[in-house]
Amino acid sequence: MGSGGIGSSWDGTLSVSEFRAAAVAFADRWRISGSSLPPWSWVPVDEQHRWLSRQVDGFLSMENVCMMRSAGDRDAAAEEMGPCGLDEPVDVATLVPRGGSDSDVNRCDLNIIYSHSYRLPVLYFRVYSSDGQPLALCDFERHLPSDSVEAIVGSKWTFITQEEHPYLKRPWYKLHPCGTSEWVKLLLLSDTSVATRDDAVDLYLLSWFSVVGRVIGVSIPFETTRSLD
Amino acid sequence: MEDAQQLVWRGAIPLQIHLHESEVTTLPPPPPVHILAPRIGYLPLLVPQIKPHFDNALPPGVDTVWFDYKGLPLKWFIPTGVLFDLLCPEPERPWNLTVHFRGYPANLLLPWEGEDSIKWSFINDLKEAAYIINGNCKSVMNMSQADQHDLWHSVLNGDLETYLLVSTKLRLGMEEGHTVNLDSMSRKQENEISGQVKSGKIPIRLYVRCVTENFDDLDEVPRLDNWDRLHYINQPVEILQEEGKYFSMEDAIGTLLPEVFVKNTVSEEVADGAEGEEQKEAGKDSRRREPRVCLGGAAELKLLRVQGIEPQLDIPFSWVASNLVHPERFLHVCALIRADRENTA
């Protein structure tokens with residue numbers, strides 16, 4: 001929104017138009033980083049939604065990501081969720097690009113959708129087997145990082161729940177956004193390259209996804225954590 | 001005058017529930033069950049009452065209960081009253097639903113894992129509402145187990161008194177005097193405003209159904225045969241105060257559906273003389289909007305329903321928000337729109 005300095009007045013949320021700007025910036029960074037994961041693309045919302053959408057004309061989507069390794073391999077990389085991860089080189093993702101043996105390979109679609117209620121991006125995802133069958137959480141849990149599994153066990157109904165995809169109207173998993181604004185704000189305000197609100201918008205989804213992606217075992221490519229110029 | 005909130009909590013829909021023919025194993029087939037379903041309740045919660053009637057007719061197997069209306073599988077997380085308002089523009093009484101105990105359409109409907117599914121859907125919605133109203137969900141997150149239990153059971157039992165007792169602690173604008181915290185986002189840090197909900201953000205779940213067919217009477221509205229034709233979203237509305245004016249239902253609709261032409265006569269068409277003529281006239285002129293000219297043809301609001309009521313457009317929105325709200329603190333607004341598909345770019 002404004003290009004003024006950013007300070008304690010910012011509460012860590014985004015307006016609709018800022019979300020769109022943040023999505024474009026994030027998808028660009030991701031692409032330029034040469035990530036081995038698929039690109040993020042902007043999915044325009046069905047024309048029928050236009051009565052509802054109010055300036056949100058779509059969401060970010062990354063499709064057909066392979067999940068391979070089991071939780072056991074991930075223990076070394078398991079880290080606390082929190083604002084400390086950004087400066088460190090990121091571990092190789094649990095989710096890897098296609099290739100390798102296809103048996104026991106589950107695929108995953110990720111969508112980043114703006115919530116008008118929380119004024120935040122929210123992660124929705126679904127997992128399906130190699131033959132296209134949707135999988136339930138209990139079927140793919142073992143592919144998730146161990147700390148996520150703990151959180152799922154500890155807060156079955158408030159951490160990851162199955163909900164309707166706001167636009168596709170089918171059951172997807174949703175990562176609950178409570179508390180997001182607080183830690184995103186911490187992440188961004190502690191980043192010395194963030195001087196203005198525009199800077200914060202620019203880096204918003206990168207910071208956000210560095211934490212949120214890890215919950216389901218996908219880490220951001222190391223290169224994208226560096227500024228583009 | 002009876003408290004509107006009490007009326008809402010006592011509101012019920014007479015259901016006539018049939019067992020789906022594919023699950024009938026007895027002759028003659030079991031007769032339908034008649035049941036009064038609370039508007040603020042959820043269909044699967046009726047199963048303990050329904051099941052005994054059909055138990056003997058069912059084929060062997062494990063129960064996975066779901067309902068349909070004329071073939072459309074019903075979403076369990078939408079309150080029963082809202083389903084009725086969405087699917088029956090012309091109210092059908094009793095409402096004929098079909099129950100299935102087998103063959104859950106898992107690709108279409110969210111899985112049903114028993115009462116916990118709806119309880120947590122309720123609490124997560126409540127959290128979202130709290131975030132909209134207060135800028136955080138702490139009051140809901142920090143609710144004690146006992147309060148959580150009491151709150152949920154007050155909804156199950158339609159016990160408004162207990163509900164008010166517990167929900168007051170959540171500071172969601174329900175307490176005595178309807179105090180409301182201004183959203184922490186807004187620049188006007190006036191903190192609290194007493195009296196009726198005057199200001200602040202109202203959690204709304206807006207359902208929009210758009211039809212292209214022309215119709216004069218509500219019984220001519222084509223049946224909804226596919227959820228893809230109905231759109232809904234959680235969308236807060238901020239009550240904006242202007243000097244000397246109140247924020248009306250029409251203002252709220254203007255915010256929610258800015259491109260839809262709201263005919264001044266909507267309330268006359270549907271209210272059908274239920275209200276005094278003078279009342280309608282009085283409200284009309286001062287608040288008349290210029291007809292919105294829509295790009296590429298008109299989209300017109302044909303029907304607006306909240307809690308089974310077609311609220312007059314000049315009613316103060318704060319009244320609607322305080323009185324017709326659901327227990328999870330969302331106001332469920334059902335809008336039926338007619339638009340010329342061909343003309344929309």
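The chains referred to below are lettered A, B, ... by the order of the sequence lines, with proteins before strands, and numbering in each begins at 1.
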Worksheet item: How many angstroms lie between atom OH of Tyr173(A) and atom CG of Leu110(A), to the nearest 0.5 angstrom?
Response: 14.5 Å

Worksheet item: Going by an N to O cut-off under 4.0 Å, is there a salt bridge joining Asp85(B) and Arg209(B)?
Response: no

Practice prompt. Output the residues of residues 140-153 of chain B for which the shortest heavy-atom distance to chain A is under 4.5 Å, in residue-number order; output 'none' if no such residue exists.
Written response: Met141(B)

Worksheet item: Who pairs with Ala21(A) by side-chain contact (heavy atoms from CB on, under 4.5 Å), at least two apart in sequence or on another chain?
Response: Val201(A)

Worksheet item: So which part of Leu109(B) gets closer than 4.5 Å to some heavy atom of chain A, the side chain, the backbone, both or neither?
Response: backbone

Discussion item. One thing to verify: whether Arg119(A) and Asp11(A) come together as a salt bridge, which I'm taking to mean a side-chain N less than 4.0 angstrom from a carboxylate O.
Written reply: no

Fill in: Stacked cation flag Lys75(B) on Trp227(B), 6.0 angstrom / 45 deg
yes

Worksheet item: Applying a criterion of heavy atom separation less than 4.5 Å, what residues of residues 113-123 of chain B form contacts with chain A?
Response: Glu113(B), Asp116(B), Ser117(B), Trp120(B)

Worksheet item: Are Lys201(B) and Tyr131(B) in a cation-pi setup, meaning NZ or CZ lies under 6.0 angstrom from the ring centre and within 45 degrees of the ring axis?
Response: no

Item to complete: Report yes or no: is the cationic atom of Arg20(A) (NZ for Lys, CZ for Arg) under 6.0 Å from the centre of the six-membered ring of Trp42(A), at an angle within 45° of the ring normal?
Response: yes

Item to complete: Give a yes or no on whether a salt bridge exists between Arg205(B) and Asp125(B), defined as a side-chain N under 4.0 angstrom from a carboxylate O.
Response: yes

Worksheet item: Measuring heavy-atom distances to chain A, does Ala106(B) have an atom under 4.5 Å in its side chain, in its backbone, in both, or in neither?
Response: backbone

Response to the item:
Sorted by chain and number, sequence neighbours left out, salt bridge (charged side-chain N to carboxylate O under 4.0 Å, His left out) with Asp109(A) holds for Arg126(A)

Fill in: Reported CD-to-CZ distance for the pair Glu128(B) and Phe330(B), which is rounded to 0.5 angstrom
4.0 Å

